[in-house]
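Okay, structure first, notes after.
Residue indices begin at 1 and follow the sequence shown. Just so you know, ligand 1 is whichever comes first in the structure, and atom 1 is the first atom listed for that ligand. Atom set for the values below is all heavy atoms of this structure, side chains included, hydrogens, waters and symmetry mates excluded.
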Amino acid sequence: MPVETRRPLISGNWKMNQNHFEAIQLIQKLTYLVGKDDFDAVDVSVHPPFTDIRSVQTLIEADDLRFALGAQNCHQDDKGAFTGEVSPVFLQKLNVSYVIVGHSERRELFGETDATVREKVAAVLRNKMTPIICVGETLTEREAGSTAEKVTGQVAAAIDGCSPAQVGGLVIAYEPIWAIGTGRTATPADAQEVCSAIRSTVGGRAGAEAATAVRIQYGGSVKAGTIQELMSQPDIDGALVGGASLDPEEFARIVQYRLHESPGV
Ligand code: 13P
């Protein structure tokens, strides 16, 4: 599959922001700003908190909106005595398409390991949704020169047990931890270098076809002013946007990156 047939995917990870009333307002504002041409060129997913998903689903379906519905996490089991957890089966019932798995905040603050991430990837696939698998290094790891080792190790662990066809359908988000919520973005060249290493790892484990098909996002302080140059890198197919996805004008401009006049505008 040639590069140009990988559909770009811009995803808004709202994290623990927006109650369900605010979520509806945000989607309504985005609907005015993101048009048919944008959706023709780019896949756009929104990842509200669990308590908002039903409201956002209803709005998307009632108005035939082209935003894909996403979640930020799920449990690895389909059901059971797991107080406070959310089953992937329930998400699928709400027509969720994408589930973020192994975000660094889940790994760092909630103890998710590579083994948990692998189980969650399997759970999301089992329920016919697409995982967005997050990987990334800390500042200490970057300074120690172990970025590639850390990130490719996380990728290898997450896709272990997946068939080549499943791997080709995945989304992997490279999110350097030091760039998340800090205003520091990896340079496009640095981001490209790591995303290229991710694609090679995928190729080594699942074959060339999977490597060409898998979509790789960059995440970490993405803004309208930085998106175009990131997207011009050959191995970057999209962005996982945190803070800027809560501002409808900014997020719409990110989605419309291809209309910006020059890199950095
Ligand atoms: P920011 O865009 O706020 O840095 O967050 C990135 C992120 O963690 C998206 O998942």
Side-chain angles (χ1 to χ4, degrees), residues 8-18 22-23 26 30 42-50 52-53 67-74 91 96-110 112 116-117 120-121 124 129-139 141-142 147 150-151 154-155 158 170-188 190-191 194-195 198 215-231 233 236-257 264:
L9 172 64
I10 305 288
S11 303
N13 175 10
W14 297 2
K15 307 193 179 182
M16 198 172 74
N17 296 289
Q18 312 298 93
E22 294 163 337
L26 181 48
L30 280 172
V42 179
D43 290 338
V44 185
S45 67
V46 289
H47 299 251
F50 287 131
D52 302 358
I53 288 180
F67 295 104
L69 190 52
Q72 300 173 18
N73 180 34
C74 70
L91 298 178
V96 164
S97 304
Y98 296 96
V99 183
I100 297 171
V101 175
H103 191 280
S104 60
E105 287 151 15
R106 303 251 12 125
R107 294 180 192 253
E108 288 197 326
L109 304 173
F110 301 98
E112 289 194 9
T116 329
V117 171
K120 290 189 178 193
V121 168
V124 172
M129 298 176 289
T130 300
I132 297 180
I133 303 168
C134 297
V135 296
E137 82 286 3
T138 62
L139 189 56
E141 287 161 341
R142 172 156 284 264
T147 298
K150 166 75 178 294
V151 168
Q154 287 178 321
V155 169
L170 294 173
V171 180
I172 298 174
Y174 167 53
E175 298 205 305
I177 295 168
W178 49 269
I180 295 177
T182 59
R184 287 183 65 184
T185 321
T187 64
D190 283 346
V194 180
C195 291
I198 290 172
R215 291 188 289 178
I216 303 177
Q217 295 179 313
Y218 168 80
S221 297
V222 171
K223 301 274 186 307
T226 52
I227 182 69
Q228 196 193 41
E229 210 178 338
L230 287 162
M231 290 302 289
Q233 305 300 316
I236 300 181
D237 308 312
L240 183 53
V241 184
S245 72
L246 300 173
D247 175 339
E249 278 83 18
E250 183 80 11
F251 189 61
R253 291 191 61 211
I254 291 171
V255 169
Q256 292 156 349
Y257 67 89

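Among the atoms of G181, some N or O lies under 3.5 angstrom from an N or O of ligand 1. Not a single N or O atom of T182, backbone or side chain, sits closer than 3.5 Å to an N or O atom of ligand 1.
H103 is listed as a side-chain neighbour of K15, based on a closest heavy-atom distance under 4.5 Å. When side chains are defined from C-beta on, L91 does not count as touching V124, because their heavy atoms never get closer than 4.5 Å. Here the side chains of P131 and V171 are not in contact, with every heavy-atom distance at 4.5 Å or above. Between V42 and L9, the closest side-chain pair of non-hydrogen atoms is not below 4.5 Å.
Every atom of ligand 1 with a heavy atom of S221 under 4.0 Å away is listed here by number and element: 1 (P), 2 (O), 4 (O). Each of the atoms 9 (C), 10 (O) of ligand 1 lies under 4.0 Å from some heavy atom of N13. Heavy-atom proximity to G220, at under 4.0 Å, picks out these atoms of ligand 1: 4 (O), 6 (C). Which parts of ligand 1 touch L240 is read off a 4.0 Å heavy-atom cut-off, strictly below it: atoms 9 (C), 10 (O).
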| request: Test R107 against V117 for side chain to side chain contact (heavy atoms under 4.5 Å, CB included), laying out the working first. | output: CA-CA 9 Å; R107 294 180 192 253; V117 171; 3.8 Å; yes
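Among all non-hydrogen protein atoms, the one lying nearest atom 3 (O) of ligand 1 is G243 N, 2.8 Å. Summary of contacts: the protein heavy atom closest to atom 7 (C) of ligand 1 is E175 OE2, 3.1 Å. In terms of protein heavy-atom proximity, atom 2 (O) of ligand 1 is nearest to G242 N, 2.9 Å.
When each of R142, E141, E108 is checked for a side-chain contact (heavy atoms from CB on, under 4.5 Å) with I177, only E108 meets the rule.
A side-chain donor from one of E137 and W178 sits under 3.5 Å from a side-chain acceptor of the other.
The proximity of A179 to ligand 1, defined as any non-hydrogen pair under 4.0 Å, is limited to the backbone.
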